[in-house]
Amino acid sequence: MSPAHVESGRSIWDRRRSPEKARYHQLPPMASSYDHRAIEAKWQSRWQETGLYRVALDRVPRPYYNLMMFPYPSAEGLHVGNMFAFSGADAHGRFQRMQGFDVFEPIGFDAFGIHSENFALKIGRHPTELIATNVARFRGQLEKLGAQFDWSKTVDTTDPAYYRWTQWLFLTLWKGGFAYRARRNVKWCPQDLTVLADEQVLADSTCERCGALVTERELEQWFLRITAFTERLLANLSGLDWSESTKLLQRHWIGRSQGALLDFPIDDADPLRVFSTRPDTIFGATFMVLAPDHPRTLELTAPERLAEVAAFVAEAARRRIAGQREDENSTRGVALGRDARNPLTGARIPLYTAEYVLSGYGTGAIMAVPAHDQRDHAFAVQYHLAVVEVVSGRDGSGAHVGSGVLVNSAQFDGLGAPDPAREVITAALVEAGFGTPHVTYKLRDWGISRQRYWGPPIPAIHCPNCGVVPVPEEDLPVLLPYIEDFRPLGTGESPLARDPDFLNTTCPNCGGPAKRDTDVSDTFLDSSWYYLRYPSADRDDVPFDRELTRKWLPVTYYDGGNEHAVLHLLYSRFVTMALQQLGFLDFEEPFTQFRAHGMIVMGGAKMSKSRGNVVVPDEYISRFGADAFRLYLLYLGPYQESGNFIDTGINGPYRFVSQLLRLLDRVNAGGVELPESRELARARHRCIRRVTLDTPELKYNTAIAAMMIFVKRLREHEGPIPKVAMETLALLLAPYCPHLAEEIWERLGGDYSVHQQKWPVADESLIADEQVVVVVCINGKKRDQLVVAAGTDASELERQALALPRIQQWLDGKLVRRVVVVPDRQVNLVLTG
RNA sequence: GCCGGGGUGGCGUAAUGGUAGCCGCAGCGGUCUUAAAAACCGCAGUCCCAACGGACGUGUGGGUUCGACUCCCACCCCCGGCACCA
């Protein structure tokens, strides 16, 4: 699922030798006393032996499904971004566990897909063996991180035991009416002779692998009818507890526009239908534009213009296929030589075809209102077409897109535009039989066919007699055959077409010879349902158990990156809705809560091989330990904000964890329990409060800062450390540094495991200060301060402030016009002059 | 172009409208050491001043307020998403 073509990072030790990069990577030698390797190994094996993170899914009373986006196991291993995300998600899960929830925290591998396949092609190894190696390496890395993963329930999308059910999902959607076949264009690289995913095409329409100009090719493909749920996908968003940024991205992607379909009469032809969100500007429609590939473009061309228009249409098609987008300032188009008529006035409106109108949106034709639309305006200027202002407020020569009052609009003059004029004119058009209110969306059906090798074969059979028939469920999985030469064929067919044993089969319907569909499905189909699989991962009789699903889903909390805000999360929502409608699920939204984490960047840039700033986490972990590394990542900045910066800062968290163990030596363990001083109690409860408030809000950085403050306070403390101080620290630290927290807890004599303890509660009555510093300002500038008992009343504060010698000097000869007192905070004296 | 999110010391960041810079990194000085590292203690926004102290300071310019990093208006820059979507 990870987007990531993350490439191999150079060793951080190599980089130390490179002077200009050294500032990111000055890793200090280790301190002596803290043996993180021993501590972390000890607890990881203890956790495993005792099954601490295995959840009895069918029995536990307070289920909490803590999900994080599963990684794509690249050849380079987990990168820092993965570690950051998993550390944050795990801290969340551990915190919830200590609130008393039974937290199920699974992880798996999203291992199919074009990235793996391309990488395998590049290095000349087979993806089957490559992925096995990568998964093993990922698993090792994940275990070292010390997250509370339940490894008894894991998934690997390339495992036939998993993709059997991905194929089942496809069949279920198909039978339920959510899958269909259609011809559509796919991106095609003429040099690599292969189909590309959209994201493999760069902004300049070149292939990301070879740089060739990408073209299009029309192929028959499978689509999933996500548009069946467009309105629901949009409407449900407002009720979901998701990061607002994520919801906004989905709203934009769905792209709802409300308007009307309008019919413009044409002499001696059927009317031309357009979609407009601004019917109120219809009196300003001075021309109309059809997309070059609109089905009626040639039909509506005057005979004497036909040759020129046909040539233009052909040229536009060539440019479109070649992926050559017009540059912004030029607006190519040509007149058709015929007119439509304004349905309200009968006025003639010339027809054009132009590339700026797209066939795929609305009706593929528009009424152009150059006075109030920038693109129409640009076209009008270029072809010297009339510009008629119909909404007041236009200044200068551009398009006025804003609001105003209707002018030049006959009986509608004076109405506010767009509203209420939009309603009124639409009603008039509807009344006259020229319009219908209408909503359009940008969302398109989901094409899932991939003419590639590394994915689950689509379980369909093409029979010359029966047509396209589904593979019977009992014949699943349709195994992906091991093909030595898995290079793309160059015909637009999948490499599977090379394998006659795979290709040739019999029709399950008539028993006659038939051929398998040789395409594989989109990797997003694999990940669209994996959260349903986890609780039932060990079941081979069903994709997901009904009871377990009822108990554990929808997912309580989902943590992931906003790079998947649209595709993965939208597809998952669609699949859930479809399965609900088909009676397989009792809910229609899969993720109750979703939080988007930020992105780790370095030197202001995304990590990438070309920038040479990819950091390999293993060396950090082996040198400083997973605990310090987790702490470091979460301490960098606010977890949910994009643009976290990574620097040399691991020293701080590493010192912090080392200091904890030294503090531990100062505890009077075993002997007399020390009473806690008022001062230490205050510091401790302040720390509890801060960490308790900040952790569930994902403000990990400030929670960690609060613990550092408390530790600093303890280090300054002379004499033995009260045991309760370290106990509290062990508990608060458990979500962040799970190994060290266990170690401290054990050495204090606590029962295994610290992760099964209850979270401490802050006592507010112990937190308040007895003495406070009250700042004395003159005209808002600090001039002196008072130290007084907390709660000293305003008049007393004012009296004391005015009595301060330094303040007296400032008052010299001036009149105090006003005094503003903020109790326990500030006294502000406002002087005249 | 449109839509988000951001601009605070050398760096990452922190601040219910009430002492801007907490916490940490890097840096500098010291203690310890034969030495170095580690550890520990201290200094540290900029400018002026010997010092006391003062002026300036949260992207820029305005505004509201006794008081603005915080609220309002306009603009600039960075990051991310979408992009002839009618």
Side-chain angles (χ1 to χ4, degrees), chain A residues 23-24 26 28-33 203 244-246 248-249 251-253 255-257 259 274-278 281 289 291 325-328 331 354-358 360-369 372-376 378-379 401 440-442 562-563 565-566 598-599 601 603-606 631-632 635-638 640-653 655-656 658-659 662 699 701-709 711-712 715-716 773-785 806 817-831:
Chain A
R23 66 196 154 99
Y24 299 124
Q26 283 164 1
M30 283 180 300
S32 45
S33 61
E244 282 303 321
S245 59
T246 313
L248 202 63
L249 288 168
R251 286 198 183 98
H252 286 333
W253 188 262
R256 183 184 204 270
S257 310
V274 302
F275 174 73
S276 174
T277 55
R278 294 294 303 275
T281 62
V289 187
R325 292 268 298 283
E326 221 178 338
D327 55 68
E328 303 251 325
T331 308
E355 290 181 317
Y356 82 92
V357 173
L358 309 176
Y361 185 80
T363 65
I366 62 159
M367 66 173 202
V369 185
H372 305 289
D373 181 281
Q374 282 179 7
R375 296 150 304 174
D376 297 343
F379 192 83
V401 194
T440 60
Y441 304 90
K442 290 193 224 173
N562 251 349
E563 67 271 21
V566 173
M599 191 176 37
V601 299
K606 245 182 195 168
L631 208 56
Y632 162 51
Y635 185 62
L636 280 176
Q640 293 182 88
E641 261 168 47
S642 61
N644 288 292
F645 284 75
I646 195 166
D647 63 358
T648 54
I650 193 166
N651 289 334
R655 275 180 203 133
F656 172 75
S658 312
Q659 285 161 355
R662 267 180 262 130
K699 294 178 184 167
N701 54 331
T702 49
I704 293 165
M707 290 188 275
M708 287 176 166
I709 290 168
V711 164
K712 194 178 194 178
R715 292 199 298 124
E716 287 161 3
V773 174
V774 172
V775 173
V776 182
C777 298
I778 290 173
N779 290 336
K781 284 190 203 298
K782 181 190 168 183
R783 294 303 178 193
D784 204 348
Q785 61 184 39
R806 205 179 288 163
R817 206 180 46 173
R818 189 174 162 190
V819 181
V820 181
V821 180
V822 184
D824 290 351
R825 289 277 192 180
Q826 191 184 64
V827 176
N828 191 17
L829 305 172
V830 185
L831 306 189

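In the text below, chain A, chain B and the rest are named by the order of the sequence lines, each starting its count at 1.
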Could you measure between the two [atom1] atoms, the one in [N] and the one in [M], and give it in whole Å?
| N | M | atom1 | answer |
| --- | --- | --- | --- |
| B:C23 | B:C72 | P | 31 Å |
| B:C56 | B:U8 | P | 22 Å |
| B:G21 | B:A83 | P | 45 Å |
| B:A15 | B:U70 | C1' | 9 Å |
| B:A39 | B:G6 | P | 36 Å |
| B:C79 | B:U65 | P | 38 Å |
| B:G54 | B:A50 | C1' | 15 Å |
| B:C71 | B:U16 | C1' | 14 Å |

Measuring to OP1 and OP2 of [N], would you say a side-chain N or O of [X] lies under 4.0 angstrom away?
| X | N | result |
| --- | --- | --- |
| A:Lys712 | B:C23 | yes |
| A:Lys781 | B:C56 | yes |
| A:Arg806 | B:G53 | yes |
| A:Arg662 | B:C40 | yes |
| A:Tyr361 | B:A86 | yes |
| A:Arg655 | B:A26 | yes |
| A:Asn651 | B:G24 | no |

request  = Would you please name every residue forming a salt bridge (charged side-chain N to carboxylate O under 4.0 Å, His left out) with A:Arg806, sequence neighbours left out?
outcome  = A:Asp784
request  = Without swapping roles, check the side chain of A:Asp373 against the backbone of A:Asp376 for a donor-acceptor pair under 3.5 Å.
outcome  = yes
request  = For B:G9, decide between syn and anti, treating a glycosidic angle within 90° of 0 as syn.
outcome  = syn
Report the base-pairing partner of [N] (Watson-Crick or G-U wobble, both distances below 3.5 angstrom), or none.
| N | value |
| --- | --- |
| B:C82 | B:G1 |
| B:A55 | B:U46 |
| B:G29 | B:C41 |
| B:A14 | none |

